[in-house]
Colleague: 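Structure below; questions to follow.
Here, residue 1 is the first one in the sequence, and each next residue gets the next number. Counting starts at 1 for both ligands and their atoms, following the listed order. The basis for the numbers below is simple: all heavy atoms, side chains too, and nothing from hydrogens, waters or symmetry mates.
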Amino acid sequence: MTTLAGVIGQADVAADVRADCDVVIVGSGAGGATMAAELAAAGVEVVLIEEGGYHPTESFTGDSMRALRTLYRDGGGGMTIGKPSVMFAEGRCVGGSTVVNGGMSWRTPPAVLARWGSEVTGIGEADMEPYFAQAEARLSVGEQDPETVGRDSELLRTGAGALGWRIVANRRNQLHCAGSNSCNSGCPTGAKRSMLVTSVPRALAHGARLFADCRVNRITRSGRVMTGVEGRFIRPGGRRGPALTVRAKVVIVAAGAVQTPALLARSGLRSGSGQLGRNLSLHPNTMLAAFFDEDVIGWHGVHQAFQVREFTGEGIILTANNLAPPLLAAMLPGHGRELGELMADYNRVVTAGPLIEDSGTGRVRHVPGLGPQVFYQLADADAARLVRGVELTAEAMFAAGARRVLLPFGGLPQARSLAEVRRLLARPVPPNSMRLFSIHLMGTARMNKDPRRGVVDSYGAFHGAEGLVVTDASLFPGPTGLNPMETVIALALRNARHLIGHRSRYGI
Ligand SMILES: Cc1cc2nc3c(=O)[nH]c(=O)nc-3n(C[C@H](O)[C@H](O)[C@H](O)COP(=O)(O)OP(=O)(O)OC[C@H]3O[C@@H](n4cnc5c(N)ncnc54)[C@H](O)[C@@H]3O)c2cc1C
Ligand code: SF4
C-alpha cells in the first residue's frame with residue numbers, strides 16, 4: 001500500500017512525540033481537512049490529528065463488514081438514548097465521514113441560510129456563494145454519468161414520475177464514478193472526491209503534518225488561552241500507544257457533532273450560553289423494502305441517484321438507497337427461515353424511504369468513563385412526518401410496479417397495495433416501533449453572534465476563549481433539511497478565510 005508523505009501513523013511511532021505548530025486541528029473529516037488545506041496553502045504551519053487510521057483507495061474492497069470495522073466509529077453502530085432509539089454512524093479514519101458517505105453534495109437551501117441569518121453574520125446566500133462554488137470546483141461536484149445509475153433509483157424515478165412528483169438528479173462529489181455502489185465502504189476507484197483524495201493530500205503537499213491513529217484526549221490551556229492538545233496513539237486492538245503533545249497558538253476542533261462537544265467538555269470548557277452539546281439534530285430516516293417481480297440488482301449502479309423533492313415543504317425527501325446484504329438483513333423483520341426467505345429475494349428488492357428535517361433536538365453529554373452519550377427524543381411531529389414519508393415511498397414503489405412492501409415499523413405486516421398501506425397506517429404507529437437511522441448529526445456547538453445564545457461566534461471562534469475555533473457539523477444553528485457535507489465544507493472555507501484575514505490577532 002502506498003502512504004502519503006507527511007502521514008505519521010501509530011506504526012511509525014516508537015516513543016512519545018512532541019510537536020510545535022501555529023495551528024493544530026483535531027479531526028480530518030469534511031471540516032478539519034478543508035481547514036487544514038486552506039491554512040497550509042496560506043503558509044500557516046499546521047498539524048492535523050486523526051483518531052482513525054490512514055486507509056488509501058487501493059485498500060477499499062467493497063467488503064462492508066471490514067469497512068464497518070476499519071472506517072467507522074464503533075462499527076457504525078452508534079445508538080441514541082431515547083424512545084425510539086436512533087442508530088447512527090460516524091466515520092473514523094483519515095478523511096472522516098467523507099470516506100464512507102454517499103457523496104451527495106448540496107448547497108445549504110436559501111431558506112435555511114435566511115433563517116440562520118438572524119443568528120449569524122455574513123451567512124446570506126450571496127455571502128456563501130463563493131464558498132459553495134469553491135467547494136464544488138475542488139470536489140468535482142456534478143451529476144452522475146447516466147449509465148452508472150442503478151435500477152433501484154430508476155424505479156423510484158418511474159414511480160415518482162407516474163405520480164407527477166418533482167424529482168431531481170442528485171449532485172455528487174465524483175468524477176466519472178463507475179457506479180460500483182460501495183461508497184459506504186470506501187470508494188475503490190477514487191472517483192468519489194472525499195477528503196482522503198482531495199483536501200488531505202493538498203494540506204500535506206503544502207507542508208501540513210498528519211498524525212493518524214491518534215486520539216486527542218484534551219485541549220490544554222492557560223486560563224482562557226489555548227496552548228495545544230494532548231493525545232495518545234492507538235495500537236492495534238485498541239492498546240495504548242505513545243503520547244502526543246502538540247503546542248499550538250490556535251486549536252481547531254473538527255471532530256464531528258458527537259465528538260466535538262465531548263472533547264470540549266472533557267477539556268473543562270464551558271459555554272456561557274449553556275448550549276454546548278445541546279441543539280442536536282440528526283435528520284432521522286427510515287427505509288421500507290419493496291419487492292418487484294423483475295431483477296433490480298440494486299447493488300449495480302450508484303445509490304441515491306435521485307431525490308424526490310415534491311415534499312420538501314413538509315420537510316421530507318425520498319431516496320432509494322441499496323443496502324448491502326448484512327445491513328438489509330439487520331433491517332428486515334423476522335429470523336431464521338423467515339428472514340432467509342426474504343433475503344432470497346435480495347436481487348428483486350428496492351430499499352427506499354424518507355429523510356426528514358427534524359424539529360426536535362437532542363443533546364450530547366460527556367459522561368466520564370463512558371464517553372459521549374447521545375440523547376434524542378423524537379418529536380411527535382417528526383414521528384408523523386416519518387409515517388407520512390413511508391406512505392409516500394410506498395405509493396411511489398407501487399406506482400413503479402412493486403408487488404409488496406415491508407414497512408419499517410415493528411409488528412406491522414407487509415402490504416400488497418397502497419390501500420393496504422393506508423389502512424395499516426391509519427392506526428397510530430407507536431414511535432417505539434420505528435426503525436430509525438441517522439448519518440447527519442449536526443448542531444451541538446451552534447454558531448451565534450450573541451454569546452448568550454451560541455457556543456461559537458459567526459466564524460467558529462469559541463465565545464469566551466482565545467485561540468479556539470470549531471469547524472465541523474457542530475456549527476449548524478439547525479438542520480439543513482438536505483445532505484449536510486457541502487455546508488460543512490463551505491463553512492470551513494469561509495472560516496479559514498476569516499482566520500487568515502485575522503492572522504495577527506491569532507499570532508500566526
Ligand atoms: C455513512 C454516511 C453517509 C453519509 N452520506 C452523506 C451524503 O451522501 N452527503 C452528505 O452531504 N453527507 C453525508 N453524510 C454526512 C457527512 O459525511 C457529514 O455531515 C460530514 O462528513 C461531517 O463533517 P465533520 O467534519 O463534522 O465530521 P467527520 O467528517 O465525521 O470528521 C470528524 C473526524 O474527526 C475524528 N475525530 C473525532 N474525535 C477525535 C479525537 N478525539 N481525536 C482525533 N480525531 C477525532 C473522527 O475520527 C473523524 O474522522 C454521511 C455520513 C455517513 C456516516
Ligand atoms: S458508486 Fe461511484 S463513488 Fe461510489 S464507490 Fe462506486 S465508483 Fe466510487
Colleague: More than 12 foreign heavy atoms under 6.0 Å from CZ of R266: is that the case here?
Modeller: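 Buried by this count: over 12 neighbours within 6.0 Å.
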Colleague: Kindly say whether T108 contributes a backbone atom to a donor-acceptor pair with the side chain of T480 at under 3.5 angstrom?
Modeller: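 Between the backbone of T108 and the side chain of T480 there is no qualifying donor-acceptor contact (under 3.5 Å).
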Colleague: Can you tell me which residue and heavy atom of the protein come closest to atom 7 (C) of ligand 1, and the distance to 0.1 Å?
Modeller: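 I find the closest protein heavy atom is M104 N, 3.6 Å.
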Colleague: Between N285 (side chain) and F437 (backbone), is there a donor-acceptor pair under 3.5 Å?
Modeller: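 At least one qualifying donor-acceptor pair exists.
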Colleague: Any side-chain donor paired with an acceptor under 3.5 Å for T361 and N279?
Modeller: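 Per modelled atom types, T361 and N279 side chains form no pair under 3.5 Å.
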Colleague: Is it the case that over 12 heavy atoms from other parts of the model lie below 6.0 angstrom from the CZ atom of R235?
Modeller: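 Yes, because the 6.0 Å sphere around CZ of R235 holds more than 12 heavy atoms from other groups.
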Colleague: Tell me whether the guanidinium CZ or amine NZ of R151 lies under 6.0 angstrom from the six-membered ring centre of W299 and within 45° of its axis.
Modeller: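 Ring-cation test returns no.
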Colleague: Between D63 (side chain) and M65 (backbone), is there a donor-acceptor pair under 3.5 Å?
Modeller: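 Yes, D63 side chain to M65 backbone: donor-acceptor pair under 3.5 Å.
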Colleague: Going by distance alone, is a donor N or O of one side chain under 3.5 Å from an acceptor N or O of the other, for N217 and R215?
Modeller: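 R215 and N217 do have a side-chain donor-acceptor pair below 3.5 Å.
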Colleague: Is a side-chain N or O of T189 found less than 3.5 angstrom from the main chain of A191, in a donor-acceptor match?
Modeller: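 A pair under 3.5 Å: yes.
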Colleague: At a non-hydrogen distance cut-off of under 4.0 Å, which region of H440 contacts ligand 1 (side chain, backbone, both, or neither)?
Modeller: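 Just the side chain.
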Colleague: Under a 4.0 Å heavy-atom limit, does R172 contact ligand 2 with its side chain, its backbone, both, or neither?
Modeller: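 Side chain only; the backbone of R172 stays clear of ligand 2.
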Colleague: Distance under 4.0 Å to a non-hydrogen atom of R215: what atoms of ligand 1 satisfy this?
Modeller: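 So the answer, numbered in order with elements, is 41 (N), 42 (N).
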Colleague: Who's the nearest protein heavy-atom neighbour of atom 23 (O) of ligand 1, and how far?
Modeller: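 Nearest protein contact, heavy atoms only, for atom 23 (O) of ligand 1 is A30 CB, 3.4 Å.
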Colleague: Taking N or O atoms only and a 3.5 Å limit, does G95 qualify as a polar contact for ligand 1?
Modeller: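 No, no N or O pair falls under 3.5 Å.
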Colleague: Please could you name the atoms of ligand 1 that V26 approaches to less than 4.0 Å, counting only its heavy atoms?
Modeller: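 Result: 40 (C), 42 (N), 43 (C).
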Colleague: Can you list the atoms of ligand 1 that are under 4.0 Å from a heavy atom of G256?
Modeller: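 Result: 26 (O), 27 (O), 32 (C).
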Colleague: What residue and heavy atom of the protein are closest to atom 24 (P) of ligand 1, and at what distance?
Modeller: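 Result: D472 CB, 3.8 Å.
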Colleague: State whether the number of non-hydrogen atoms from other residues, nucleotides or ligands found under 6.0 Å of R309 atom CZ is greater than 12.
Modeller: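 Result for CZ/R309: enclosed.
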Colleague: Report yes if G103 has an N/O atom closer than 3.5 Å to an N/O atom of ligand 1; otherwise report no.
Modeller: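 The answer is yes, given that G103 and ligand 1 share an N or O pair closer than 3.5 Å.
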Colleague: Of all the heavy atoms in Q304, does at least one lie under 4.0 Å from an atom in ligand 1?
Modeller: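 Outside the 4.0 Å threshold, so no.
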Colleague: With heavy-atom distances below 4.0 Å as the criterion, list the atoms of ligand 1 near A473.
Modeller: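 That gives atoms 26 (O) of ligand 1.
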Colleague: Once you restrict to heavy atoms under 4.0 Å, what part of M195 touches ligand 1? Side chain, backbone, both or neither.
Modeller: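 No part of M195 comes within reach of ligand 1.
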Colleague: So which heavy atom in the protein is nearest atom 12 (N) of ligand 1, and how far is it from that ligand atom?
Modeller: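 It is P484 CD, 3.5 Å.
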Colleague: Tell me the nearest of G29, S105, A255, S474 to atom 36 (N) of ligand 1, using heavy-atom distances.
Modeller: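 Residue with the shortest heavy-atom distance to the ligand atom: A255.
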Colleague: With heavy-atom distances below 4.0 Å as the criterion, list the atoms of ligand 1 near G91.
Modeller: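 Here the atoms of ligand 1 in question are 46 (C), 47 (O), 48 (C), 49 (O).
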Colleague: So is R266 close enough to ligand 1, meaning a heavy atom under 4.0 angstrom away?
Modeller: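 The answer is yes: ligand 1 sits under 4.0 Å from a heavy atom of R266.
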Colleague: Is there a donor-acceptor contact under 3.5 Å linking the side chains of E119 and N448?
Modeller: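 There is such a pair between these side chains.
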Colleague: For ligand 1, which atoms sit closer than 4.0 Å to a heavy atom of R92?
Modeller: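 It comes down to these atoms of ligand 1: 47 (O).
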Colleague: Show me which atoms of ligand 2 lie under 4.0 Å from any heavy atom of P188.
Modeller: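 Here the atoms of ligand 2 in question are 5 (S).
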Colleague: Hey, is G103 one of the residues with a heavy atom under 4.0 angstrom from ligand 2?
Modeller: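 No, that is not the case, since the closest heavy atom of the residue is not under 4.0 Å from the ligand.
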Colleague: What residue and heavy atom of the protein are closest to atom 33 (C) of ligand 1, and at what distance?
Modeller: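 Answer for atom 33 (C) of ligand 1: E50 OE1, 3.7 Å.
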Colleague: Anything under 30° is parallel, anything over 60° is perpendicular, the rest tilted; go ahead and classify F476 against W116.
Modeller: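 Aromatic pair F476/W116 classed tilted.
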Colleague: Which residue and atom name correspond to the protein heavy atom nearest atom 1 (S) of ligand 2, and how close is it?
Modeller: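 Result for atom 1 (S) of ligand 2: N181 N, 3.1 Å.
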Colleague: For the 3.5 Å polar cut-off, considering only N or O atoms, please tell me whether Q259 and ligand 1 meet it.
Modeller: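 Among all N and O atoms of Q259, none is under 3.5 Å from an N or O of ligand 1.
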Colleague: Cationic tip of R363 within the cone over Y376's six-membered ring, i.e. under 6.0 Å and within 45° of the normal?
Modeller: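 Checked: cation-pi criterion not met.
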Colleague: Among protein heavy atoms, which sits nearest to atom 53 (C) of ligand 1, and what does the distance come to when rounded to 0.1 Å?
Modeller: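 So the nearest neighbour among protein heavy atoms is A89 O, 3.4 Å.
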Colleague: What do you reckon, does G52 have a nitrogen or oxygen under 3.5 Å from a nitrogen or oxygen of ligand 1?
Modeller: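 Min N/O separation from ligand 1 is not below 3.5 Å for G52.
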Colleague: Atom 50 (C) of ligand 1: which protein heavy atom is closest, and how many Å away?
Modeller: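 Closest protein heavy atom to atom 50 (C) of ligand 1: N101 CB, 3.3 Å.
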Colleague: When you compare ligand 1 with C93, is there at least one nitrogen or oxygen pair between them that comes in under 3.5 angstrom?
Modeller: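 Yes, since at least one N or O of C93 sits under 3.5 Å from an N or O of ligand 1.
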Colleague: Is the shortest distance from a heavy atom of W106 to ligand 1 less than 4.0 Å?
Modeller: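 No.
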Colleague: Has C177 got an N, O or S atom lying less than 2.8 Å from atom 8 (Fe) of ligand 2?
Modeller: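 Coordinating: no.
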Colleague: Output the list of atoms in ligand 2 that are nearer than 4.0 Å to some heavy atom of G179, sorted by atom number.
Modeller: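 Ligand 2 atoms under the 4.0 Å threshold to G179: 1 (S), 2 (Fe), 7 (S).
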Colleague: Near C183, which atoms of ligand 2 are under 4.0 Å from a heavy atom of that residue?
Modeller: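 Ligand 2 atoms under the 4.0 Å threshold to C183: 1 (S), 3 (S), 4 (Fe), 5 (S).
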Colleague: So, are R73 and E51 salt-bridged, with charged N and O less than 4.0 Å apart?
Modeller: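 Yes, R73 and E51 are salt-bridged.
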Colleague: Check step by step if salt bridge (Lys or Arg N to Asp or Glu O under 4.0 Å) holds for E129 and R107.
Modeller: CA-CA 9 Å; E129 154 62 34; R107 296 183 175 200; 2.7 Å; yes
Colleague: Against ligand 1, does A33 come closer than 4.0 Å with any heavy atom?
Modeller: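 The answer is no, since A33 has no heavy atom less than 4.0 Å from ligand 1.
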Colleague: Just to check, does G62 reach to within less than 4.0 Å of ligand 2 when the distance is taken from its heavy atoms?
Modeller: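 For ligand 2, residue contact (heavy atoms, under 4.0 Å) with G62 is absent.
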Colleague: For E50, is there an ion pair with R209 - N to carboxylate O distance below 4.0 angstrom?
Modeller: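 Judged by the 4.0 Å cut-off on N to carboxylate O distance, R209 and E50 do not form a salt bridge.
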Colleague: Does V100 reach ligand 1, in the sense of a heavy atom lying below 4.0 Å from it?
Modeller: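 In this structure, V100 qualifies as a contact of ligand 1 - some heavy atom is under 4.0 Å.
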Colleague: Under a 4.0 angstrom heavy-atom cut-off, which atoms of ligand 2 come close to S180?
Modeller: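 The atoms of ligand 2 under 4.0 Å from a heavy atom of S180 are 1 (S), 5 (S), 6 (Fe), 7 (S).
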Colleague: Does S97 reach ligand 1 with a nitrogen or oxygen that is under 3.5 Å from one of the ligand's nitrogen or oxygen atoms?
Modeller: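 The answer is yes, given that S97 and ligand 1 share an N or O pair closer than 3.5 Å.
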Colleague: Kindly confirm whether atom 6 (Fe) of ligand 2 is within less than 2.8 Å of some N/O/S atom in T189?
Modeller: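 Under 2.8 Å: T189 has no N, O or S contact with atom 6 (Fe) of ligand 2.
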Colleague: Could you tell me which atoms of ligand 1, counted from 1 in the order shown, lie closer than 4.0 angstrom to a heavy atom of G31?
Modeller: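 Listed by number with element: 25 (O).
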Colleague: Numbering the atoms of ligand 1 from 1, which are under 4.0 Å from a heavy atom of N483?
Modeller: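 Atoms satisfying the 4.0 Å criterion: 9 (N), 10 (C), 11 (O).
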Colleague: Between P372, S438, A254, G27, which one has a non-hydrogen atom sitting closest to atom 32 (C) of ligand 1?
Modeller: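 Closest candidate by heavy-atom distance is A254.
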Colleague: May I ask you to say whether R138 pairs ionically with E38, meaning some side-chain N is under 4.0 Å from a carboxylate O?
Modeller: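 A salt bridge links R138 with E38.
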Colleague: Picking from L323, T319, L288, what satisfies side-chain contact (heavy atoms from CB on, under 4.5 Å) with T351?
Modeller: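 That would be L323.
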Colleague: Kindly identify the option in L48, L491, L68, I439 whose heavy atom sits closest to atom 52 (C) of ligand 1.
Modeller: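 Among L48, L491, L68, I439, the closest heavy atom to atom 52 (C) of ligand 1 comes from I439.
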Colleague: Could you check atom 40 (C) of ligand 1 against the protein and tell me its nearest heavy-atom contact, residue, atom and distance included?
Modeller: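 Scanning the protein heavy atoms, the shortest distance from atom 40 (C) of ligand 1 goes to E51 OE1, 3.5 Å.
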Colleague: Report yes if some N/O of A257 lies less than 3.5 Å from some N/O of ligand 1; otherwise report no.
Modeller: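 The answer is no, given that A257 and ligand 1 share no N or O pair closer than 3.5 Å.
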Colleague: Please determine if V216 has a nitrogen or oxygen closer than 3.5 Å to a nitrogen or oxygen of ligand 1.
Modeller: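 Between V216 and ligand 1 (N or O atoms, distance only) the closest approach is under 3.5 Å.
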